[in-house]
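All heavy atoms count here, side chains included; hydrogens, waters and symmetry mates do not. Chain letters run A, B, ... following the sequence lines, proteins first, then strands; residues in each count from 1.
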There are 2 protein chains.
Amino acid sequence: MPPAERSTRDRVLDAFETLLVTQGSRAATLDAVAAQAEVSKGGLLYHFHSKDELVDGMLTRLREQGARDAAAMSEAPEGPVGYYLETSVDSGSDFDRALIAAGRIAQENDTRASNALADLREGWFVVLREHLGDESLARTIQLIGDGLYFDDTTGLAEKNALQHVRDVLQRLGAL
Amino acid sequence: MPPAERSTRDRVLDAFETLLVTQGSRAATLDAVAAQAEVSKGGLLYHFHSKDELVDGMLTRLREQGARDAAAMSEAPEGPVGYYLETSVDSGSDFDRALIAAGRIAQENDTRASNALADLREGWFVVLREHLGDESLARTIQLIGDGLYFDDTTGLAEKNALQHVRDVLQRLGAL
DNA sequence: GGAACTGTACCGGCTGGACGGTATAGTGGA
DNA sequence: TCCACTATACCGTCCAGCCGGTACAGTTCC
């Protein structure tokens, strides 16, 4: 039996995220999303009655992915800090894509998206602080992760950035 | 004599940036920019013949502001690192606004904007590395600055973030 | 068992409004 | 008289959202 194929609903959300990430929110029109998902516009609107509902659907899925990620982080064999830094650079995973997409929406002054992102960040911070027992260090590492993430999503990524960060964090005994 | 009033051209660019920052690129329409600048649409198009020219005008002004900022950074009394971190949080200056606005444009896959931002970042990095004589530390500090900036522009800013960073950087002897 | 009906999943055409851009006539100040 | 605008009227395109329809798998009732 082949793996269960992705539902139309999921394919529509995938398409929405992909367009947001690669082309920006101006390009993520309902027509474009439908075309990318290989669904008619009517089919898209059957699953999501409005663009707003499409955003809601995306953020709901993001929160689910985020909860799984925080759990994986606290149990990672390389430790939470290593896991956090590695996953702050865009690996092209579904979760990364969803995260970047939500960032695009948040910038349109959408509080639903901002709240979802803030909640995700808080989840990571809790794991970092508990592991390190040092609030300043935890906050600083989180900022470094944000920086890695920002550079990555703005096309400013430095090849060796992660290596430089590891070097500095070793001096601090955080890795 | 009151301060020389801002030229219409500058007011249009200000308005464009303000809309990009506060509402996102979808909201930065020519009509909206004209209204925000208190200029007629015809007046706007008198100065910038197209939306593309408006973007070019904004990026040109940004590069000028950036050159001045890098110079100020290398001569700052509190040192380049302190100056860099302070100015990474959005102080609401014209330069901050221009920077955030360019980020919005860069996300629409506009290479002009990406190039402008990359050049600005390179300018800051050169100053940091020369001052610190330590590439890893310079890169890491730049990432922290990016993180501060990202959080600020996404509404995720932590009140005491800067204090935590100072604490950690003091342990590293970078401040 | 089969006709009548229901719910689900989708297609594709349409409309009204917004947007980028053009055009043009007019105005006030240097 | 030019420059720097304002005001208004358009045009073509794009976009969100709506609607009528189709296909088809189940269910109900006789």
Side-chain angles (χ1 to χ4, degrees), chain A residues 4-61 101-102 104-110 112-113, chain B residues 1-61 101 104-110 112-113:
Chain A
E5 45 178 314
R6 231 167 161 73
S7 69
T8 299
R9 199 191 137 89
D10 270 324
R11 280 192 295 113
V12 168
L13 289 178
D14 292 347
F16 185 38
E17 290 174 0
T18 297
L19 283 169
L20 282 171
V21 171
T22 60
Q23 314 251 61
S25 56
R26 278 183 85 92
T29 65
L30 294 186
D31 278 310
V33 171
Q36 174 84 19
E38 293 180 318
V39 175
S40 73
K41 196 173 175 181
L44 188 161
L45 285 164
Y46 172 79
H47 290 284
F48 304 96
H49 300 351
S50 67
K51 208 173 185 184
D52 244 42
E53 275 193 25
L54 190 56
V55 171
D56 282 332
M58 190 190 83
L59 293 177
T60 299
R61 203 172 69 163
R104 303 283 199 249
I105 300 290
Q107 289 177 355
E108 310 284 314
N109 243 3
D110 189 310
R112 295 168 299 169
Chain B
M1 196 172 87
E5 48 179 313
R6 239 168 156 73
S7 69
T8 298
R9 199 191 137 91
D10 271 322
R11 279 192 297 115
V12 169
L13 289 177
D14 292 348
F16 185 38
E17 291 174 359
T18 297
L19 283 170
L20 282 171
V21 171
T22 60
Q23 314 252 59
S25 56
R26 281 185 84 92
T29 65
L30 294 186
D31 279 309
V33 171
Q36 174 84 21
E38 294 179 315
V39 175
S40 70
K41 191 176 174 181
L44 187 163
L45 286 162
Y46 173 80
H47 289 284
F48 303 97
H49 300 354
S50 69
K51 207 173 185 183
D52 243 43
E53 274 192 26
L54 190 56
V55 172
D56 281 333
M58 191 190 82
L59 294 177
T60 299
R61 202 172 68 164
R104 304 285 199 246
I105 299 290
Q107 288 177 353
E108 311 284 314
N109 246 1
D110 189 310
R112 295 168 298 170

**Message:** For a 4.0 angstrom threshold against heavy atoms of chain B, report the outermost contacting nucleotides of DNA chain C in 5' to 3' order.
**Reply:** dC19(C) to dT22(C)
**Asked** Hey, is the side chain of Tyr46(B) poking within less than 4.0 Å of OP1 or OP2 on dC5(D), counting only N and O atoms?
**Response**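 Looking at the OP1 and OP2 atoms of dC5(D), neither is under 4.0 Å from any side-chain N or O of Tyr46(B).
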**Prompt:** OP1 or OP2 of dC5(D) sitting under 4.0 Å from any side-chain N/O of His47(B)?
**Reply:**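 Affirmative; the distance criterion is met.
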For [X] and [N], what is the distance between atoms [atom1] and [atom2] respectively, to the nearest whole Å?
X	N	atom1	atom2	value
Glu53(A)	dG17(D)	CD	P	10 Å
Phe48(B)	dA4(D)	CZ	C1'	14 Å
Lys51(B)	dT13(D)	NZ	P	19 Å
Leu30(B)	dC11(D)	CG	P	19 Å

**Asked** Mapping Ser40(A) and Asp31(B) to their closest nucleotides on DNA chain C, which lands nearer the 5' end?
**Response** Ser40(A)
**Item:** Contact nearer the 5' end of DNA chain C, comparing Arg26(A) with Leu44(A)
**Value:**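 Upstream on the strand: Leu44(A).
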**Item:** Side-chain-base donor-acceptor pair under 3.5 Å for Lys41(A) and dA16(D)
**Value:** yes
**Request:** Would you kindly compare Leu45(A) and Ala27(A) by the position of their nearest DNA chain D nucleotide and give the one closer to the 5′ end?
**Result:** Ala27(A)
**Message:** With a 6.0 Å cut-off (strictly less than), is the heavy-atom count around CD of Glu53(A), excluding the residue itself, greater than 12?
**Reply:**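 It does: Glu53(A) CD has more than 12 such atoms within range.
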**Message:** If I compare all heavy atoms of Gly57(A) with all of Phe48(A), which pair ends up nearest, and what's the gap?
**Reply:**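 Heavy atoms of Gly57(A) and Phe48(A) come nearest at CA-CE2, 4.3 Å.
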**Asked** Ignoring hydrogens and geometry, is there a side-chain-to-backbone donor-acceptor pair from Asn109(B) to Thr22(A) under 3.5 Å?
**Response**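 Yes; at least one donor-acceptor contact below 3.5 Å.
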**Message:** Closer than 3.5 angstrom, by distance alone: can the side chain of Arg11(B) be matched with the main-chain N or O of Ala37(B) as a donor-acceptor pair?
**Reply:** yes
**Fill in**
Exactly one of Met58(A), Gln36(A), Arg61(A) clears side-chain contact (heavy atoms from CB on, under 4.5 Å) with Asp14(A), and that residue is Arg61(A)
**Prompt:** Under a 4.5 Å cut-off applied to non-hydrogen side-chain atoms, are Lys51(B) and Val33(B) in contact?
**Reply:** no
